Amino acid sequence: MRTSRFFIATLKEVPAEAEIASHRLMLRAGLIRRLSAGIYTWLPLGVRVLHKVEAVVRQEMNRAGAIELSMPVVQPGELWQESGRWQAYGPELQRFKDRHERDFVLQPTSEEAVTDLARSELKSYRTLPQHFYQIQTKFRDERRPRFGILRGREFVMKDGYSFHADLADLEREYRNMYDTYTRIFTRLGLKFRAVAADPGAIGGTGSHEFHVLAESGEDAIAWCPQSNYAANVELAEAVSTDSRKAPTVNLKKVPTPGKTKCEEVAALLKIPLEKTVKAVAVMHDGEFYLLLLRGDHDLNELKTQKLIGAFRFATDGEIETALKCKAGYIGPVGAKNVKVIADRAVAAMGDFVCGANEEGFHLTGVNFGRDLPEPSQVADLRNVVAGDPSPDGKGRLEIVRGIEVGHIFQLRTKYSSAMKAGFLDAAGTHKPFEMGCYGIGVTRVVAAAIEQNNDARGIVFPAPIAPFAACLVPIGYQKSAAVREAADRLHDALEQAGIDVLMDDRDERPGVLFADMDLIGIPHRVVLSERGLAAGNAEYKGRREDKPREMPLDSIGSFLKERLHA
RNA sequence: CGGGGUGUAGCGCAGCCUGGUAGCGCGCUUGCUUUGGGAGCAAGAUGUCGCGUGUUCAAAUCACGCCACCCCGACCA
């Protein structure tokens with residue numbers, strides 16, 4: 001391919017809308033353009049990258065025994081009412097009516113459509129197992145689309161759905177997909193990690209997320225280098241190995257005017273933050289709860305919800321009614337008629353500091369049993385932090401950030417039951433399908449890969465997803481017949497050898513050509529110049545390398561081939 | 001959805017406070033020069049100043065309303 005016949009749309013200046021590296025670079029390199037909030041056009045260069053990712057995904061899915069199909073983006077609302085997701089989904093689900101006033105949705109995933117297909121086509125255990133997948137456009141009306149392609153409203157996803165006669169077979173396919181995903185992300189050249197996850201709104205039991213590791217990731221992952229345990233922070237169990245020590249000091253009320261945060265109180269009293277306890281006030285079912293956490297710990301809302309059910313934070317008014325004290329100075333001591341749940345770490349504390357339930361005062365030297373009753377309940381309420389013991393007991397946790405690019409679930413019979421989708425088993429009894437579902441954010445993979453692979457000059461594409469494998473930069477193509485002839489010949493030879501090469505034959509100064517090819521992130525670069533050609537040489541440089549190296553022109557082809565297959 | 005911010009040429013921005021001729025850099029077009037890391041000179045083209053209403057002799061500029069977009073939070077997979 002020649003740039004003169006392609007479409008290069010690089011930008012020298014950075015569009016103001018882009019905050020993170022991948023978004024900035026995708027705009028600047030001319031991979032995408034924004035059409036509306038969270039909705040992007042994929043330019044020719046971007047489409048090539050997208051197709052490369054799709055090709056790897058397709059190959060590995062096929063190899064794993066899944067079969068590709070394609071389901072409609074527009075789906076009847078009826079099906080969604082049947083599964084219950086019409087009600088369960090919030091405004092994220094894009095609904096609309098057709099001219100006959102019938103309800104439709106834009107698919108955010110396709111459980112309903114595929115389950116509908118299965119119930120009419122898969123009627124016997126003999127037709128099982130079956131795994132259908134598609135690579136399709138999805139739409140979710142995100143409350144806040146951001147980070148360009150990373151959290152857009154329209155995106156491309158590989159979504160696969162498997163149907164099984166029993167749980168054992170579902171679990172077999174689940175492991176198969178775990179391995180397949182591991183192969184896919186490895187082949188894509190990404191640094192990633194599979195982590196235990198919360199099944200969330202899709203429902204079901206077992207679930208793993210695949211995260212590309214990147215500073216800008218929206219998710220926090222707890223992992224243990226010693227054991228390779230990994231879980232989303234939402235889910236990772238916080239274990240406390242401390243045990244409570246006997247009280248050594250007396251209870252004392254100290255003035256802390258204006259100090260409402262644990263950090264401020266700790267600073268004022270010159271004590272470590274770990275000696276303070278914060279009380280988080282929440283409401284559930286009209287009942288007032290005080291959740292006790294160590295000052296340096298954060299509430300895990302997911303764990304809390306699992307423990308007490310759907311809850312919300314109490315308003316200042318509710319706090320004053322329940323405790324007769326302004327928010328900021330509340331605590332468990334003397335709290336009447338409220339449920340107190342202590343985090344495990346708090347339950348192990350002695351001589352701690354907490355709010356006195358009196359404006360402007362805190363208590364020091366607080367001890368359970370002596371100064372207040374033991375908490376009515378002790379539970380895991382907090383997010384794990386770096387240094388916590390790993391829940392498997394084999395080391396200490398680190399916290400890394402990741403971008404979720406894949407998620408596998410065991411749905412079990414959530415959809416098949418709701419939609420009466422089942423089969424006859426060998427004994428002739430009707431059973432609902434055991435279902436699995438497996439997603440990969442294809443467009444998100446592109447952004448995540450760039451997030452993980454870039455430098456000051458631009459994108460550094462992993463070879464498997466680079467829009468072109470190599471670029472050819474002839475210096476003075478439009479001026480020098482010698483350069484032109486040599487470049488044309490090399491370009492054609494490389495293409496014939498099956499190498500995806502982009503020759504930059506634009507009439508631009510060398511600096512422009514170099515800068516663009518670097519920005520676009522093509523992994524291998526060959527430069528031809530009059531000077532080099534006179535000595536029979538070409539010049540090679542890898543995108544990650546600093547210095548180019550000279551080599552004989554006629555060895556470039558075989559050299560590149562070797563590099564590409566390395 | 002709550003809070004904050006921004007809408008002026010394809011992109012990045014100034015002008016607005018203090019109302020009166022629409023500006024700069026990049027990009028684009030043409031010509032000449034230049035040609036190994038985003039060239040130089042010269043000449044040009046490009047604007048419903050987000051939309052609407054109002055105030056005024058006069059609105060990019062002031063007021064009100066709306067819309068779009070961005071950021072933080074909440075929410076969500």
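This one's a predicted model, so the numbers in the text were calculated from it and none came from an experiment. In the text below, chain A, chain B and the rest are named by the order of the sequence lines, each starting its count at 1.
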By the 4.0 Å heavy-atom rule, please label A:V14 as base, sugar-phosphate, or nothing.
sugar-phosphate
Which donor-acceptor pairs under 3.5 Å do side chains of residues 6-13 of chain A form with protein atoms, sequence neighbours excluded?
{"residue": "A:T10", "atom": "OG1", "partner": "A:D516", "partner atom": "OD1", "Å": "2.9"}
{"residue": "A:T10", "atom": "OG1", "partner": "A:D516", "partner atom": "OD2", "Å": "3.2"}

- Task: Assign A:E218 to base, sugar-phosphate, or nothing according to its heavy-atom contacts below 4.0 angstrom with the strands shown.
- Result: nothing
Distance-only criterion, 3.5 Å: show the donor-acceptor pairs between side-chain atoms of residues 16-27 of chain A and protein atoms not counting sequence neighbours.
{"residue": "A:S22", "atom": "OG", "partner": "A:E451", "partner atom": "OE1", "Å": "2.6"}
{"residue": "A:H23", "atom": "ND1", "partner": "A:G148", "partner atom": "N", "Å": "3.4"}
{"residue": "A:H23", "atom": "NE2", "partner": "A:Y40", "partner atom": "OH", "Å": "3.3"}
{"residue": "A:R24", "atom": "NH1", "partner": "A:E19", "partner atom": "O", "Å": "3.0"}

Taking N or O atoms only and anything under 3.5 Å, show me the protein contacts with nucleotides 44-49 of chain B, one pair per line.
none

Item to check | Integer angstrom distance from the C1' of B:C51 to that of B:C17 | outcome: 24 Å
ask   = Salt bridge or not for A:R2 and A:D488, using N-O below 4.0 Å?
value = yes
- request: Between B:G20 and B:C11, how far apart are the P atoms? Round to whole Å, please.
  value: 26 Å
In numerical order, the residues of residues 440-449 of chain A whose heavy atoms come under 4.0 Å of RNA chain B are none
For A:D507, the salt bridge (charged side-chain N to carboxylate O under 4.0 Å, His left out) test, sequence neighbours excluded, returns A:K479
Looking at the rings of A:Y133 and A:H131, which for Trp means the six-membered one, are their centres under 6.0 Å apart? no
- So, is A:S36 near the phosphate of B:C69, with a side-chain N or O under 4.0 Å from OP1 or OP2? yes
Residue set satisfying side chain to side chain donor-acceptor pair (under 3.5 Å) with A:E550, at least two apart, ordered chain then number -> A:N537
Residues passing the side chain to side chain donor-acceptor pair (under 3.5 Å) test with A:H284, sequence neighbours excluded, are none
* Determine the Euclidean distance between corresponding C1' atoms of B:A58 and B:A39; express it in Å to zero decimal places. => 46 Å
Sorted by chain and residue number, the side chain to side chain donor-acceptor pair (under 3.5 Å) partners of A:R151 (sequence neighbours excluded) come out as A:E142, A:E218
Atom P, compared across B:G4 and B:A9: separation rounded to whole Å:
27 Å
Report task. Assign A:E13 to base, sugar-phosphate, or nothing according to its heavy-atom contacts below 4.0 angstrom with the strands shown. Result -> base
Taken in chain and number order and not counting sequence neighbours, the residues that satisfy salt bridge (charged side-chain N to carboxylate O under 4.0 Å, His left out) with A:R183 are A:E60
Between CZ of A:R144 and P of B:G4 the distance, given in whole Å, is 15 Å
The salt bridge (charged side-chain N to carboxylate O under 4.0 Å, His left out) partners of A:E263 (sequence neighbours excluded) come to none
B/S/- along nucleotides 32-43 of chain B (protein heavy atoms under 4.0 Å) is --BBBBBB----
Residue set satisfying salt bridge (charged side-chain N to carboxylate O under 4.0 Å, His left out) with A:E82, at least two apart, ordered chain then number -> A:R119
